[in-house]
Amino acid sequence: MCGIIGIFGQSEVNQSLYDGLTVLQHRGQDAAGIVTCDANGQLFLRKDNGLVKDVFRTRHMMGLKGNIGIGHVRYPTAGCSTSAEAQPFYVNSPYGIVLAHNGNLTNTQELKAALFKSDRRHLNTTSDSEVLLNVLAHELQEFHTLTPTPADVFQAVSEVYNRVRGAYAAVALVVGVGLIAFRDPYGIRPAVIGKRMTAKGEEYIIASESVAIDMLEFKFVRDIAPGECVLIDMQGKLHTAQCAKQTMTSPCLFEYVYFARPDSMMDGISVHKSRLRMGSALAAKIKRQFPNLDIDVVMPIPDTSRSAALQLSIDLDLPYSEGFIKNRYIGRTFIMPGQTQRRKSVRQKLNAIGLEFEGRNVLLVDDSIVRGTTSQQIVQMARDAGANKVYFASAAPPVRYSNVYGIDMPSVLELVAHDREVEEINQELGADWLIYQDLADLIAAVDIKDRVDRFDTSCFDADYVTGDIDTAYLTKLHALRNDVSKQNLEKSNEIIELHNTN
């Protein structure tokens with residue numbers, strides 16, 4: 001998962017890009033980057049591994065000149081975390097293009113071969129984002145013109161849609177042309193547009209989530225539609241066109257469960273309200289399955305489960321309490337590369353307040369259970385803090401299958417729910433009982449007003465909306481995502497980084 005932002009302003013945009021990335025930091029904590037462009041068409045780039053606040057110092061910000069720019073926060077879906085793969089990516093022909101991408105292409109290897117054999121383009125990293133950039137660059141170059149029109153841009157993006165499969169929300173800056181953004185034909189990954197008026201004229205923003213629009217005091221306009229391309233030209237005029245032949249609004253359901261900030265709106269749906277409804281649906285299921293409740297208190301596992309846990313406690317007429325204190329300086333644990341690092345980070349990330357647990361029957365509520373590593377340790381932490389009984393509830397169904405569209409879930413064999421029934425999972429976690437949300441209830445909780453055609457629910461039911469995922473693809477994905485592969489890749493990257501600095 002990554003976060004993207006692009007701004008066309010009437011004055012310097014470096015600070016706004018920085019501020020926007022800070023509120024999208026939850027979407028990627030591995031690397032960050034910003035590119036700006038001045039009136040002379042010169043590009044200024046700063047990117048590196050690390051959090052936004054660490055990558056950009058005053059000297060870097062002063063060098064990011066210009067009134068148009070894009071930014072990116074990243075975590076790697078295949079475990080690679082070299083600074084060479086930090087975004088945005090740049091290619092000099094045609095015009096000079098930089099691109100930032102959120103998602104995952106599912107035909108990357110096929111595209112790489114075509115880019116080399118047919119398009120004569122060289123790729124310098126293993127990132128599919130660089131592949132997407134070069135496909136876009138090739139299609140723009142086909143027009144053989146120094147001044148492409150909006151129609152030319154839209155035709156080029158139409159060809160991108162013809163060639164590229166998978167999930168992608170992208171923003172690109174094309175020197176002398178403007179700011180381009182487009183979203184895959186299924187709308188799996190999110191992208192929104194905002195606008196504001198200044199004394200000098202209109203300014204536009206494109207971002208992964210509406211929270212960036214709100215924080216920068218732009219006015220939310222709308223979501224970019226699946227298969228739509230947006231162009232803000234060098235005069236600040238907005239152009240839009242539907243460029244994909246067949247489209248469907250099928251956003252990733254896991255965005256609402258876990259990744260998106262609760263104060264965001266995505267495809268017309270409030271993330272916070274969705275999570276409240278998840279809590280209500282889960283409470284109803286608990287009443288059905290465990291009518292003789294002996295729960296003393298409901299506790300969220302911070303932070304993303306708070307909304308669901310609070311509403312669940314209200315619906316069950318039970319006390320709500322914060323039993324865990326979170327260290328906000330530890331990253332999200334299920335995307336860390338190795339089990340040793342992951343286990344250590346859970347203890348660093350959360351600490352139990354003993355007085356809230358002692359002698360009580362506690363219902364712990366989490367947004368989801370992925371590997372089970374975190375959940376298992378949290379159950380034990382609750383027992384160590386003096387809990388009498390520990391019950392566990394997940395606001396999402398069992399995560400049984402790989403996510404291929406840009407969320408770095410582990411290899412399917414490392415998912416605690418894969419090929420296990422609920423009671424077997426519960427034994428693994430060590431809780432007194434375990435309950436999961438039903439998929440139908442989760443979908444109903446999120447899409448209460450029927451705003452989407454369907455959701456990408458593949459990590460719950462193996463129904464891959466793009467229709468191009470087979471056993472061979474998933475086998476290759478397992479080879480990339482299992483912990484051993486990631487640890488070996490990390491060691492190789494450390495050697496490369498060390499070599500580059502000597």
query = Is any NZ, NE, NH1 or NH2 atom of the basic residue among Asp263 and Arg261 found under 4.0 Å from an Asp or Glu carboxylate oxygen of the other?
reply = yes

Closest approach of Ile206 to Ala181 (non-hydrogen atoms, all atoms of both residues) = CD1-CB, 3.5 Å

request  = Determine whether the side chains of Ser16 and Asp19 contain a donor N or O and an acceptor N or O closer than 3.5 Å.
outcome  = no

message = Using every non-hydrogen atom in the two residues, find where Val175 and Cys37 come nearest and quote the distance to one decimal.
response = CG2-SG, 4.4 Å

query = With under 30° as parallel and over 60° as perpendicular, where do the rings of Phe460 and Phe254 fit, or are they tilted in between?
reply = tilted

ask   = Any donor-acceptor pair under 3.5 Å linking the side chain of Lys237 with the backbone of Ile232?
value = no

key: Considering all heavy atoms, the nearest Val55-Ala32 contact   = CG1-O, 3.7 Å

ask   = If we ignore angles and hydrogens, is there a donor and acceptor under 3.5 Å between the side chains of Tyr405 and Thr466?
value = yes

query = Are any non-hydrogen side-chain atoms of Phe455 and Asp447 less than 4.5 angstrom apart?
reply = yes

task = Before giving the answer on side chain to side chain donor-acceptor pair (under 3.5 Å), spell out for Glu85 and Thr126 the whole-Å C-alpha distance, their side-chain angles and the decisive distance to 0.1 Å.
result = CA-CA 8 Å; Glu85 301 216 352; Thr126 61; 2.5 Å; yes

query = Nearest 0.5 Å, what's the CZ-CD1 distance between Phe324 and Ile378?
reply = 5.5 Å

message = Around atom NZ of Lys112, are there more than 12 heavy atoms from other residues, nucleotides or ligands closer than 6.0 Å?
response = yes

ask   = Judged by atom type as modelled, is there a donor-acceptor pair below 3.5 Å linking the side chain of Thr108 to the main-chain atoms of Leu105?
value = yes

task = To the nearest 0.5 angstrom, please state how far the CG atom of Leu477 sits from the OG atom of Ser411.
result = 8.0 Å

ask   = Mind checking whether Ile269 and Met266 have side chains closer than 4.5 Å, heavy atoms only?
value = no

message = Could you report the tightest heavy-atom contact between Tyr161 and Tyr168, atom names first, then the distance?
response = CD2-OH, 3.0 Å

key: More than 12 heavy atoms of other groups within 6.0 Å of Phe220 CZ   = yes

task = List the steps and the verdict of side chain to side chain contact (heavy atoms under 4.5 Å, CB included) for Tyr75 and Asp408.
result = CA-CA 8 Å; Tyr75 84 69; Asp408 186 29; 2.9 Å; yes

query = Does any donor atom in the side chain of Glu159 or Gln155 lie under 3.5 Å from an acceptor atom in the other side chain?
reply = yes

ask   = For Phe182 and Cys229, which heavy atoms make the closest approach, and how far apart are they?
value = CB-CA, 4.1 Å

task = Would you mind reporting whether Leu17 and Thr36 have side-chain heavy atoms less than 4.5 Å apart?
result = yes

remark   = When rounded to the nearest 0.5 Å, the distance separating CG of Leu43 from CG of Leu64 is 11.0 Å

query = Taking all non-hydrogen atoms of both residues, which atom of Thr457 and which atom of Ile443 are closest, and how far apart?
reply = CG2-CD1, 4.2 Å

request  = Check whether any side-chain N or O of Ser307 sits under 3.5 Å from a backbone N or O of Leu276 as a donor-acceptor pair, and report yes or no.
outcome  = no

request  = Working to the nearest 0.5 Å, report the span between CG of Asp214 and CE of Met265.
outcome  = 10.0 Å

ask   = Roughly how far apart are Asn67 CG and Glu203 CD, rounded to 0.5 Å?
value = 8.5 Å

ask   = Taking the side chain as C-beta and beyond, is there a heavy-atom pair between Asp463 and Tyr401 under 4.5 Å?
value = no

key: side chain to side chain contact (heavy atoms under 4.5 Å, CB included) evaluation trace for Leu238 with Leu231   = CA-CA 6 Å; Leu238 177 69; Leu231 166 65; over 6 Å; no

ask   = Just by distance, with hydrogens left out, do His26 and Glu209 show a side-chain donor and acceptor under 3.5 Å apart?
value = yes

message = Would you say that Ile193 contacts Val230 through its side chain, given a criterion of any heavy-atom pair below 4.5 Å between the two side chains?
response = yes

Heavy-atom side-chain proximity of Val73 to Thr22 below 4.5 angstrom = no

message = Could you walk me through whether Ile97 and Leu173 satisfy the side chain to side chain contact (heavy atoms under 4.5 Å, CB included) test, starting with their C-alpha distance in whole Å, then the side-chain angles of each, then the deciding distance to 0.1 Å, before giving a yes or no?
response = CA-CA 6 Å; Ile97 308 172; Leu173 193 169; over 6 Å; no

key: Derivation of the salt bridge (charged side-chain N to carboxylate O under 4.0 Å, His left out) call for Glu255 and Arg27   = CA-CA 10 Å; Glu255 287 270 6; Arg27 299 187 68 85; 2.8 Å; yes

task = Would you mind listing every side chain to side chain donor-acceptor pair (under 3.5 Å) that reaches into residues 2-13, with sequence neighbours excluded?
result = none

task = Look only at the side chain of His72 and the backbone of Ala86, and say whether a donor-acceptor pair between them is shorter than 3.5 Å.
result = no

task = Using atom types as modelled and distance alone, determine if a side-chain donor or acceptor of Asn107 lies under 3.5 Å from a backbone N or O of Glu110.
result = no

ask   = Could Asp30 and Arg74 be called an ion pair, given the rule that one side-chain N must be under 4.0 Å from one carboxylate O?
value = yes

request  = Tell me, with the steps shown, if Lys195 and Glu202 meet salt bridge (charged side-chain N to carboxylate O under 4.0 Å, His left out).
outcome  = CA-CA 7 Å; Lys195 180 174 71 172; Glu202 289 183 336; 3.7 Å; yes

key: Chi angles and distances behind the side chain to side chain donor-acceptor pair (under 3.5 Å) call for Glu130, Thr125   = CA-CA 7 Å; Glu130 189 186 17; Thr125 72; 2.8 Å; yes

key: Heavy-atom donor-acceptor pair, Arg196 side chain to Leu216 backbone, under 3.5 Å   = yes

request  = Tell me, with the steps shown, if Val404 and Tyr464 meet side chain to side chain contact (heavy atoms under 4.5 Å, CB included).
outcome  = CA-CA 8 Å; Val404 304; Tyr464 296 99; 3.8 Å; yes

query = Quick one: side chain to side chain donor-acceptor pair (under 3.5 Å) pairs with a partner in residues 216-234, sequence neighbours left out?
reply = Arg222-Glu228, Asp233-His239

query = Are the side chain of His60 and the backbone of Arg57 linked by a donor-acceptor contact shorter than 3.5 Å?
reply = yes

ask   = Is the closest side-chain heavy-atom distance between Ser264 and Ser210 below 4.5 Å?
value = yes

inquiry  = Checking Ser129 against Gln87: is there a side-chain donor and acceptor pair closer than 3.5 Å?
reply    = yes

ask   = Do Gln141 and Ser93 meet the criterion of a side-chain donor-acceptor pair at a distance under 3.5 Å?
value = yes

query = Considering only heavy atoms from C-beta outward, does the side chain of Tyr18 approach that of Met61 to under 4.5 Å?
reply = yes

ask   = With a 4.0 Å cut-off, would you call Arg189 and Asp184 a salt bridge?
value = no

Leu24 side, atom CG; Ser208 side, atom OG - distance, nearest 0.5 Å = 5.5 Å

key: Salt-bridge criterion met for Glu322 and Arg306 (N-O under 4.0 Å)   = yes

key: Asp267 and Arg183 ion-paired at < 4.0 Å   = yes

ask   = Checking side chain to side chain donor-acceptor pair (under 3.5 Å) for the pair Asp468/Thr106: CA distance, chi angles, key distance, verdict?
value = CA-CA 8 Å; Asp468 59 338; Thr106 56; 2.6 Å; yes

